[in-house]
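Everything on this sheet refers to the single structure shown next.
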Amino acid sequence: MTEGDLQKGYEPREVEARWYKYWEDQGVFAASDAEDDNRPTYHVPMPPPNVTGSLHMGHALRGTLEDALVRYHRMCGYNALWQPGIDHAGIATQTVVERQLLRAGVTRHELGRDEFIKRIWEWKAESGGRIALQQRVLGASADWARSKFTMDADMSRAVREAFVQLYESGLMYRATRLINWCPECQTALSDLEVDNEEGANGELFEFAYRVDGSDEQIVVATTRPETMLGDTAVAVHPDDPRYKHLHGKMLVHPFVDRLVPVICDAILVDPKFGTGAVKITPAHDFNDFAVGKRHGLAEINIFTSAGAINENGAQFQGLDRKRARTAVKHALDEKGLARGSKPHQLNLPRCQRSGGVVEPMISTQWFLSMKEMASAALDAVRTGKTQIIPAEWEKTYDHFLENIQDWCVSRQLWWGHQIPAWHGPNGEIRVARERPAECGADWVQDPDVLDTWFSSALWPFSTLGWPDKTAALAKFYPASDLETGYDILFFWVARMMMFGIHFTGKPPFKRVLLSGLIVDETGEKMSKVKGNVIDPLDLIYGASFSDIISKTLPGAPEAEALTKFRKAYPSTANMGGGFPAFGADAVRFTLATYPPSNKRIALTPKRIEGYRHFLNKIWNATRLGAELLGEFPAVPTKPARVTSLVNRWMLSRLHHTIATCHTAFDEYRIDEASLELYRFFWYDVCDWYLELVKPMLRAGVDPAVEETKATLAYVLESSYRLMHPLIPFITEELWQRFPKSTQAKSIVVAEYPRAENVPADPAAEAEMAMLQAIIVAARTIRSEHEVHPAAGVPLTIRCADARALEKLRAQSAAISLLAKTEGGVAPTFELADASSNKKARPAGSTVSVVATESGAVEVVVGLKGLVTAEKERARIDRELKKIEKDLAAIAKKLSSPSFVDKAPAEVVQEAHAQQKTLIEAQGRLVAAQELVSEL
RNA sequence: AGGCGCGUAGCUCAGUGGUAGAGCACUACCUUGACACGGUAGGGGUCGUUGGUUCAAUCCCAAUCGCGCCUACCA
């Protein structure tokens, strides 16, 4: 599986293809129900994607974060369960199959309910749930053997059980109310399934009603003229002087044989808006419905379920909504009642699924009483039994539950959980788990199905076997974390909270982790219309822009689609013909670097490329590591005793990185873990550690070779395990090739590094910081004078602190190596004193002064022939200016008596210490400046 | 209308009551036996605006401007 040498460059396609099957074959993702398994449990329910869906960036983000959490906990020794599944997605699925049938010229009604459902199951077997395979491409470590489909027999049983329990406790009831109706889907919708399109352009149309028995008129304004067919009153404000004389008068409906009263309603009517008179259509407007209830008005439904005018609409019967509007306006005009119109912006309620305009309709539906359950769900968060992270979402959660309306749960669909209620011949209703024996042949089951979110709300426990008391339920409920997008906080999270508490007595999770929504690089929502959708698989496998475009804007001219796409993703400008295969790991790592507080995550392909380079870096560091370790046989356990500065420093860095990762994962700051690992591996490990030990290990004569090999092996192997939750494929590949610290068959089940196993070494860190500062200073001088990287330079280090100087002298090999001294000879070390400030530097040399914890250190670089007096004067001036600026700031602080008196002692002391070092550095620079002329 | 949030380097974003950080982009030099998917060094920000609290504010408070999202909605 991992034979042969590592090739020069990292090729994700080649590496990633191999590991997923191995993991599944080895069963490393399986959680255990066994009673004798005493490990603590960690359970994350996966938000079940729609059976119609395919992987999009949102799934990729969810999948990355959840997988990282699950893999982290699994490696930390938890019995980790990531519960996967698929949602049956009522309307969406029904629509997909219906459309397919329509292409064959058949409607579902011609087919009949049973046959139609059979066809859906056939469709599902063939092409449904493909997303579960795509999630595997991403590396999702779910326990697939436990996967559930919300229409499975056991899931359906849980749904029926829940419904019956809710009915028996009086929370589930049937009522006739004004509800949201989608004429396109021909079903009721819950409030949450209605999206408001803001600022739609419409018009405010005015027309007159004649007052019965008089030639007076009253003018009303409306954005929906056709609904006047259902008007049963005109309301005015009781105090409005314009209409006082009309109170109680009747108006003549121009098309229907009906008199309509003028009523007074101070709640609804704003006398300043429009004409101050409002037509009232109780059967088709939520406000009007309330007015109707207050005044006992008739509710006249004027629409068919498909949104056409029904028999109550006089001569307009049969016209659909849009035509009816034109026709009514025209007819009013003919009668001389139209009073013109003006443009008006309004909000259009649209069906989330079909996009059709939602019609308020009076209808008999099943409702679920929410108040009690909502209050329990609120308490769970208030008392901290469930924690919402980031906490700013708590307010949104509270606001929703405090203002929640009863949930309309019935849907006039065929695909879904049919409501377990039976209607008798005389209007009786029986609710039961199975068809009751006493219900004869003349009883029919309620034809409606439940809102898809009803079964989703049971997800955290129905998947574990509820209502049975299973071992899985006992072990894994409540779940540990739920991770999802904030956009379904209401739809799903709040409802799971309510159902979880109601049915099990316990909130379903300890933490709810919310993440943002992925948008394009310019911050626009991804949508087909905008042509800015990116398929995560195209990022993983690579794709040409013309392929990408053919998916984003099918049918559009390629040039136009490409322009749109480029505009949405400016960073792709220099990416040639398309995305290279970034690989799942690079996509994951990129997504992991966005903090959860980001509501919108602007996907920047260039950023993925950057992290793809990081993976290449890890790959090549491993190649180097393998070379340096040679036939190194030891298993990388922590080196027993480490004496050299670089090794002590390296282990201390590792200690801090491990600690940071644990904190970050525990606090759901995966972004912080990612960035720390990036920083650690690239800078600490590659730029410094590997560069420092490379020549020594190649030479192989230094007495520290053995401990360095041990440290190197240990650090690399630990790094793979540290990074594995984020980038599982490459780390498995490299780890399998490396000497291992464990017998584990996969890094998936290897132990996550623990900080207490590696010592922190503050002294080594401080010493190394000084060393690094000196090396950087020397390199800066080289660079400023354009010394060729291969050329060596003579180097002198001067410092007034004898102990510091000795420490530096001990690192002379490191300084020679990284600052590149002439012929690799050791730098000259000089103890500085007052007189040495004036001591002449070698001709043609330049100096930099580094402020360290041990005072100012002079770094003198010999640059024969490269340095001129002017140039040197200028650079010393630059350094001086910087120091003077810093000194001025400190002096200002220290000269303020209130600072010295009131600031904490340590802050004042630190300022003094800084001042001292800076003054020393300043003195050296001034002296150096005076010597410039001698160059 | 109400709620929430955001405005920090050219771009995408971190961050902290004590003299500003990352990635990418940019500039210069360099193909050195892990890596040019690379190395070394560098330039770049009065942290939206105005007040206040504080010894000290980018960070806390208030106001203001701009932007985004959510909930509700005037016919």
Side-chain angles (χ1 to χ4, degrees), chain A residues 6 8-10 191 196 204-206 220-224 227 235 268-270 272-281 285-288 344 346-347 392-393 395-396 398-400 403 486-487 489-490 517 519 521-523 525 570-571 574 580 586 590 593-595 597-604 606-607 609-628 671-672 675 678-679 686-687 690-691 694 698 776 779-790 818 820 885-886 888-890 892-893 896-904 907-908 910-911 914:
Chain A
L6 291 173
K8 185 174 170 188
Y10 168 54
D191 300 341
N196 282 306
L204 200 57
F205 177 79
E206 295 191 351
V220 295
T222 179
T223 53
R224 306 182 56 204
T227 61
L268 177 80
V269 181
D270 172 4
K272 291 192 285 293
F273 187 91
T275 61
V278 187
K279 62 186 275 307
I280 303 296
T281 322
D285 182 284
F286 285 95
N287 285 312
D288 293 4
H344 182 71
L346 69 159
N347 297 333
E392 63 207 52
W393 289 107
K395 284 182 186 166
T396 311
D398 287 354
H399 184 262
F400 170 71
N403 297 288
Y486 68 81
D487 54 324
L489 181 61
F490 304 150
L517 262 33
V519 295
E521 206 175 323
T522 63
K525 229 172 178 167
S571 79
N574 296 318
T590 307
T593 59
Y594 291 94
S597 55
N598 258 26
K599 283 194 187 171
R600 335 192 88 220
I601 293 172
L603 185 72
T604 314
K606 198 72 186 160
R607 193 157 155 168
E609 187 181 81
Y611 290 121
R612 163 77 181 74
H613 294 169
F614 176 54
L615 301 181
N616 189 56
K617 191 76 180 174
I618 299 171
W619 184 267
N620 278 292
T622 302
R623 291 178 66 213
L624 176 62
E627 180 218 310
L628 296 177
D671 57 312
E672 290 187 344
L675 295 174
Y678 183 96
R679 195 206 57 70
C686 293
D687 289 352
L690 286 174
E691 291 304 327
K694 190 159 56 174
R698 281 194 177 129
V776 166
R779 296 209 284 214
T780 301
I781 290 174
R782 294 176 55 110
S783 177
E784 276 172 356
H785 294 283
E786 294 179 10
V787 177
H788 190 102
L818 295 186
K820 206 123 200 173
K885 194 183 143 213
D886 292 350
I890 292 179
K892 191 182 159 201
K893 235 194 234 181
S896 154
S898 46
F899 172 74
V900 182
D901 293 346
K902 294 187 180 173
V907 173
V908 178
E910 198 189 312
Q914 271 178 350

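The chains referred to below are lettered A, B, ... by the order of the sequence lines, with proteins before strands, and numbering in each begins at 1.
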Can you tell me how far [atom2] of [N] sits from [atom1] of [X], to the nearest Å?
{"X": "A:Y10", "N": "B:C35", "atom1": "OH", "atom2": "P", "value": "18 Å"}
{"X": "A:E786", "N": "B:G42", "atom1": "CD", "atom2": "C1'", "value": "12 Å"}
{"X": "A:E521", "N": "B:C11", "atom1": "CD", "atom2": "C1'", "value": "8 Å"}
{"X": "A:I601", "N": "B:G23", "atom1": "CD1", "atom2": "C1'", "value": "16 Å"}
{"X": "A:F273", "N": "B:A1", "atom1": "CZ", "atom2": "P", "value": "14 Å"}
{"X": "A:L204", "N": "B:A75", "atom1": "CG", "atom2": "C1'", "value": "7 Å"}
{"X": "A:K892", "N": "B:U19", "atom1": "NZ", "atom2": "P", "value": "13 Å"}
{"X": "A:H399", "N": "B:C69", "atom1": "NE2", "atom2": "P", "value": "18 Å"}

Q.
Would you say A:H788 places a side-chain N or O within less than 4.0 Å of OP1 or OP2 belonging to B:U32?
A. no

Q) Are A:K606 and B:C24 close enough that a side-chain N or O sits under 4.0 Å from OP1 or OP2? A) no

Nearest of [options] to any side-chain atom of [X]?
{"X": "A:A889", "options": "B:C13, B:U19, B:A75", "answer": "B:U19"}
{"X": "A:Y486", "options": "B:U19, B:C69, B:U31", "answer": "B:C69"}
{"X": "A:K525", "options": "B:C30, B:C70, B:C13", "answer": "B:C70"}
{"X": "A:A903", "options": "B:G18, B:U71, B:C37", "answer": "B:G18"}
{"X": "A:V269", "options": "B:C13, B:C55, B:A75", "answer": "B:A75"}
{"X": "A:K395", "options": "B:C4, B:G23, B:C55", "answer": "B:C4"}
{"X": "A:R623", "options": "B:C35, B:C73, B:G23", "answer": "B:C35"}

Q: Measure the spacing between CZ of A:F273 and CG of A:L204 and express it to the nearest 0.5 Å.
A: 5.5 Å

(Q) For the OH atom of A:Y594 and the CZ atom of A:R607, what is their distance to the nearest 0.5 Å? (A) 4.0 Å

Between the side chain of [X] and the main-chain N/O of [Y], is any donor-acceptor distance below 3.5 Å?
{"X": "A:T281", "Y": "A:K279", "value": "no"}
{"X": "A:D285", "Y": "A:D288", "value": "yes"}
{"X": "A:R782", "Y": "A:K820", "value": "yes"}
{"X": "A:S783", "Y": "A:R779", "value": "no"}

Need one value for [X]: base, sugar-phosphate or nothing, where a base atom within 4.0 Å counts as base even if backbone is also close, heavy atoms only.
{"X": "A:A790", "result": "nothing"}
{"X": "A:L615", "result": "nothing"}
{"X": "A:K893", "result": "sugar-phosphate"}
{"X": "A:K8", "result": "sugar-phosphate"}
{"X": "A:P904", "result": "base"}
{"X": "A:K599", "result": "base"}

**Q.** Along RNA chain B (nearest heavy atom to each residue), the more 5'-positioned of A:R600 and A:F286
**A.** A:R600

Q: Let me know, please, whether A:V900 or A:R224 comes out on the 5' side of the other along RNA chain B by nearest nucleotide.
A: A:V900

[atom1] atoms of [N] and [M], separation to the nearest Å:
{"N": "B:A28", "M": "B:G5", "atom1": "C1'", "answer": "42 Å"}
{"N": "B:C6", "M": "B:C60", "atom1": "P", "answer": "9 Å"}
{"N": "B:C47", "M": "B:G7", "atom1": "P", "answer": "14 Å"}
{"N": "B:C26", "M": "B:G44", "atom1": "C1'", "answer": "9 Å"}
{"N": "B:C13", "M": "B:G51", "atom1": "C1'", "answer": "29 Å"}
{"N": "B:G52", "M": "B:G43", "atom1": "P", "answer": "36 Å"}
{"N": "B:C30", "M": "B:C67", "atom1": "C1'", "answer": "45 Å"}
{"N": "B:A57", "M": "B:U19", "atom1": "C1'", "answer": "12 Å"}

Q) Would A:E691 and A:K694 pass as an ion pair if we require N to O under 4.0 Å? A) yes

Q. Do the charged groups of A:E609 and A:K606 touch, with an N to O distance under 4.0 Å?
A. yes

Using the salt bridge (charged side-chain N to carboxylate O under 4.0 Å, His left out) criterion, which residues pair with [X]? Sequence neighbours excluded.
{"X": "A:E627", "result": "A:R698"}
{"X": "A:R224", "result": "A:E226, A:E359"}
{"X": "A:E206", "result": "none"}
{"X": "A:E784", "result": "A:R875, A:R878"}

Q) Pairing of RNA chain B as dot-bracket, 5' to 3': ( ) intra-strand, [ ] crossing, | other strand, . unpaired, with Watson-Crick or G-U pairs under 3.5 Å? A) (((((((..((((.......)))).(((((.......))))).....(((((.......))))))))))))....

Please write out the pairs of protein N or O atoms and N or O atoms of nucleotides 38-40 of chain B separated by less than 3.5 Å, giving the distance to one decimal.
| unit_1 | atom_1 | unit_2 | atom_2 | d |
| --- | --- | --- | --- | --- |
| B:G38 | OP1 | A:H613 | ND1 | 3.4 |
| B:G38 | O3' | A:K617 | NZ | 3.0 |
| B:G39 | OP1 | A:K617 | NZ | 2.9 |
| B:G39 | OP1 | A:W682 | NE1 | 2.6 |
| B:U40 | O3' | A:R779 | NE | 3.3 |

Q. Is A:D901 side chain donor-acceptor paired with the B:C55 base, going by distance under 3.5 Å alone?
A. no

Q. Hey, is the side chain of A:R607 pairing donor to acceptor with the base of B:C24 inside 3.5 Å?
A. no

Q: Assign the ring pair A:Y611 / A:Y678 to parallel, tilted or perpendicular, where the plane angle (0 to 90°) is split at 30° and 60°.
A: perpendicular

